[in-house]
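Beneath this line is the structure, given in structure tokens, with notes to follow.
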Protein chains: 2
Amino acid sequence: MITNMRPLTIAKLAEASGVHMETVRYYERIGLMPKPSRTASNYRSYGPEHVERLSFIRRAREIGFSIGEIKELLVLAEPGRTSCTEVQTLTAAHLGKVRTKIADLSKLEAILAGALERCLVEPAPVCPVLGMLASPRIPESVRSRRD
Amino acid sequence: MITNMRPLTIAKLAEASGVHMETVRYYERIGLMPKPSRTASNYRSYGPEHVERLSFIRRAREIGFSIGEIKELLVLAEPGRTSCTEVQTLTAAHLGKVRTKIADLSKLEAILAGALERCLVEPAPVCPVLGMLASPRIPESVRSRRD
DNA sequence: GATAAGGTCCGTAGTAACTACGGGGTCAAG
DNA sequence: CTTGACCCCGTAGTTACTACGGACCTTATC
């Protein structure tokens, strides 16, 4: 793939990197992607380096990094940077959040599954799910962070 | 707690149900909470039934139901409704989403943890985390649903 | 060369579920 | 009667996009 790559239109860039066209423009607006050069008719013109950067961004988003974190990662990924430690710090923090979320969701899973099971088993004078929601306390106070 | 409860101000209602005051007004705007009666000076005035409803809403939110789902649940929870089955359907669907999310996040966890571990083990000519983000494919294509 | 289809431009607004702000009226205590 | 706490309302900001609409531009066909 080291062929001669002519400049890409925004749609081609979008396709090549797996990101919607509108999202590319959005990333440009918020400064996540650089302003590209333009054709005579004011069309955006991209090169392979943009595909690379945008793909990096997409993968980082898929892994759940926020835009702010990705901005940091992109700085740390700049050539000349050898520092793996800062990236590790960011990643570890993110991993912590992921684990917290998994733990929260696992509790929810247990609660929901439990209520559903009671639905099937009990004679159910009142629906167990509704009963749970109406009751003053949910077992062990599930405090799920914002979805 | 079957004492005589005089009307509550919005702040009291908020405190009693564990929801922010602004959120109460927001819920009123979107029709999740009914428009309460007002005092002579146009202050909102709430009774115990509002505490109950708002608490129900808070718990349902904590369990991860969306506002739309909660609206449905509230209808199903109306007195005279015996139908547990519709609630079960909603809950089962929600449980499915929770499980999907857990599965997605577990994959992410493995990926992040793996990269972090390689950070510590390898001599690391290039940071494994950044390498992963720069490489064309992420193992097994993690397609995480929107957070 | 004309015309039609499709690509791109831009700014704006909508999404979920709130949270925060600002300028104003109201109530209770000292 | 003044101070501080409370409440009113509408609006805007948050996150990460997605969608819309009207105006250009390019490419293909006739």
Side-chain angles (χ1 to χ4, degrees), chain A residues 6-33 35-46 50 54 56-74 94 97 101 104 143-147, chain B residues 6-33 35-46 50 54 56-74 94 97 101 104 143-147:
Chain A
R6 271 143 315 137
L8 301 169
T9 65
I10 191 170
K12 295 291 179 62
L13 170 67
E15 200 196 339
S17 56
V19 165
H20 288 302
M21 213 178 67
E22 289 95 340
T23 305
V24 178
R25 282 201 291 254
Y26 168 68
Y27 285 165
E28 182 183 326
R29 273 206 304 283
I30 65 172
L32 190 56
M33 286 294 288
K35 290 180 193 271
S37 55
R38 301 285 187 129
T39 67
S41 57
N42 203 31
Y43 281 20
R44 287 171 180 81
S45 179
Y46 297 97
H50 295 105
L54 192 48
F56 182 102
I57 293 170
R58 178 184 54 74
R59 285 186 287 263
R61 284 291 300 135
E62 279 174 356
I63 286 208
F65 284 103
S66 71
I67 299 258
E69 288 166 336
I70 295 173
K71 280 185 181 172
E72 296 184 60
L73 284 175
L74 283 165
H94 184 51
K97 280 185 279 177
K101 208 167 215 169
D104 287 351
R143 52 173 68 263
S144 77
R145 325 310 186 250
R146 288 281 148 251
D147 310 333
Chain B
R6 271 142 317 139
L8 301 169
T9 64
I10 191 172
K12 295 292 179 60
L13 171 67
E15 200 195 342
S17 55
V19 167
H20 289 302
M21 214 176 68
E22 288 96 340
T23 306
V24 178
R25 281 201 290 255
Y26 167 69
Y27 284 166
E28 183 182 327
R29 272 206 304 284
I30 65 172
L32 190 56
M33 286 293 289
K35 290 181 192 269
S37 56
R38 301 286 188 130
T39 68
S41 56
N42 203 31
Y43 282 19
R44 286 171 180 83
S45 179
Y46 295 97
H50 295 105
L54 192 49
F56 182 102
I57 294 170
R58 178 184 53 75
R59 285 186 288 262
R61 283 293 298 135
E62 280 174 355
I63 286 205
F65 283 104
S66 72
I67 300 258
E69 288 167 335
I70 294 173
K71 279 184 182 174
E72 296 185 61
L73 284 174
L74 283 166
H94 184 51
K97 281 185 279 177
K101 209 166 214 170
D104 287 351
R143 52 174 68 263
S144 78
R145 326 302 186 261
R146 290 278 146 250
D147 312 334

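Letters go in sequence order (proteins before strands), and every chain restarts at 1.
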**Report entry** Side chain of B:M21 (C-beta onward), nearest among C:dC10, D:dC7, D:dC9
**Finding:** D:dC7

Can you tell me the distance, in whole Å, between the [atom1] atom of [X] and the [atom2] atom of [N]?
X: A:Y43; N: D:dC24; atom1: OH; atom2: P; result: 12 Å
X: B:L8; N: D:dC7; atom1: CG; atom2: C1'; result: 15 Å
X: A:E28; N: C:dG11; atom1: CD; atom2: C1'; result: 14 Å
X: A:H20; N: C:dT15; atom1: NE2; atom2: P; result: 18 Å
X: B:I70; N: C:dA16; atom1: CD1; atom2: P; result: 13 Å
X: A:E22; N: D:dT15; atom1: CD; atom2: P; result: 21 Å
X: A:R25; N: C:dC10; atom1: CZ; atom2: C1'; result: 8 Å
X: A:L32; N: D:dC17; atom1: CG; atom2: C1'; result: 12 Å

Query raised in the report: Want to settle it: does B:Y27 or A:K12 sit nearer the 5' end of DNA chain C, counting the closest nucleotide to each?
Result: A:K12

Requested in this report: Kindly indicate, with the supporting measurements, whether the criterion side-chain contact (heavy atoms from CB on, under 4.5 Å) is fulfilled by B:I10 and B:Y43.
Outcome: CA-CA 8 Å; B:I10 191 172; B:Y43 282 19; over 6 Å; no

Report summary line: Heavy-atom nearest pair, A:P36 first then A:S45, reads CB-O, 3.5 Å

Report task. May I ask you to say what B:I10 touches in the nucleic acid, namely base, sugar-phosphate or nothing, with a heavy-atom cut-off under 4.0 Å? Result -> sugar-phosphate

Phosphate oxygens OP1/OP2 of [N]: is one of them under 4.0 Å from a side-chain N or O of [X]?
X: A:R44; N: C:dT8; value: no
X: B:S66; N: C:dA16; value: no
X: B:T23; N: C:dA17; value: no
X: A:Y26; N: D:dT15; value: no
X: B:R29; N: D:dG10; value: no
X: A:S41; N: D:dT26; value: yes

Query raised in the report: Taking the nucleotide of DNA chain D with the closest heavy atom to each, which residue, B:R38 or A:A40, is nearer the 5' end?
Result: B:R38

Query - Five-pair end axes of the helix from C:dG1-D:dC30 to C:dG30-D:dC1 and the angle they enclose, rounded to 10° - result: 20°

Requested in this report: Verify side-chain contact (heavy atoms from CB on, under 4.5 Å) between B:R58 and B:E62, making sure each step is shown before the conclusion.
Outcome: CA-CA 6 Å; B:R58 178 184 53 75; B:E62 280 174 355; 3.0 Å; yes

Report task. Verify side-chain contact (heavy atoms from CB on, under 4.5 Å) between B:M33 and B:I57, making sure each step is shown before the conclusion. Result -> CA-CA 9 Å; B:M33 286 293 289; B:I57 294 170; 3.7 Å; yes

Query raised in the report: Can you tell me if B:H94 uses its side chain to pair, donor with acceptor, with the backbone of B:E69 under 3.5 Å?
Result: no

Query raised in the report: Got a sec, which residues hit side-chain hydrogen bond (donor to acceptor under 3.5 Å, both in side chains) with A:E15, two or more places apart in sequence or on another chain?
Result: none

Query raised in the report: Is there a side-chain contact (heavy atoms from CB on, under 4.5 Å) between A:Y46 and A:L54 once you walk through the steps?
Result: CA-CA 11 Å; A:Y46 297 97; A:L54 192 48; over 6 Å; no

Report summary line: Residues at least two apart in sequence or cross-chain that pass salt bridge (charged side-chain N to carboxylate O under 4.0 Å, His left out) with B:K12, listed by chain then number, are none

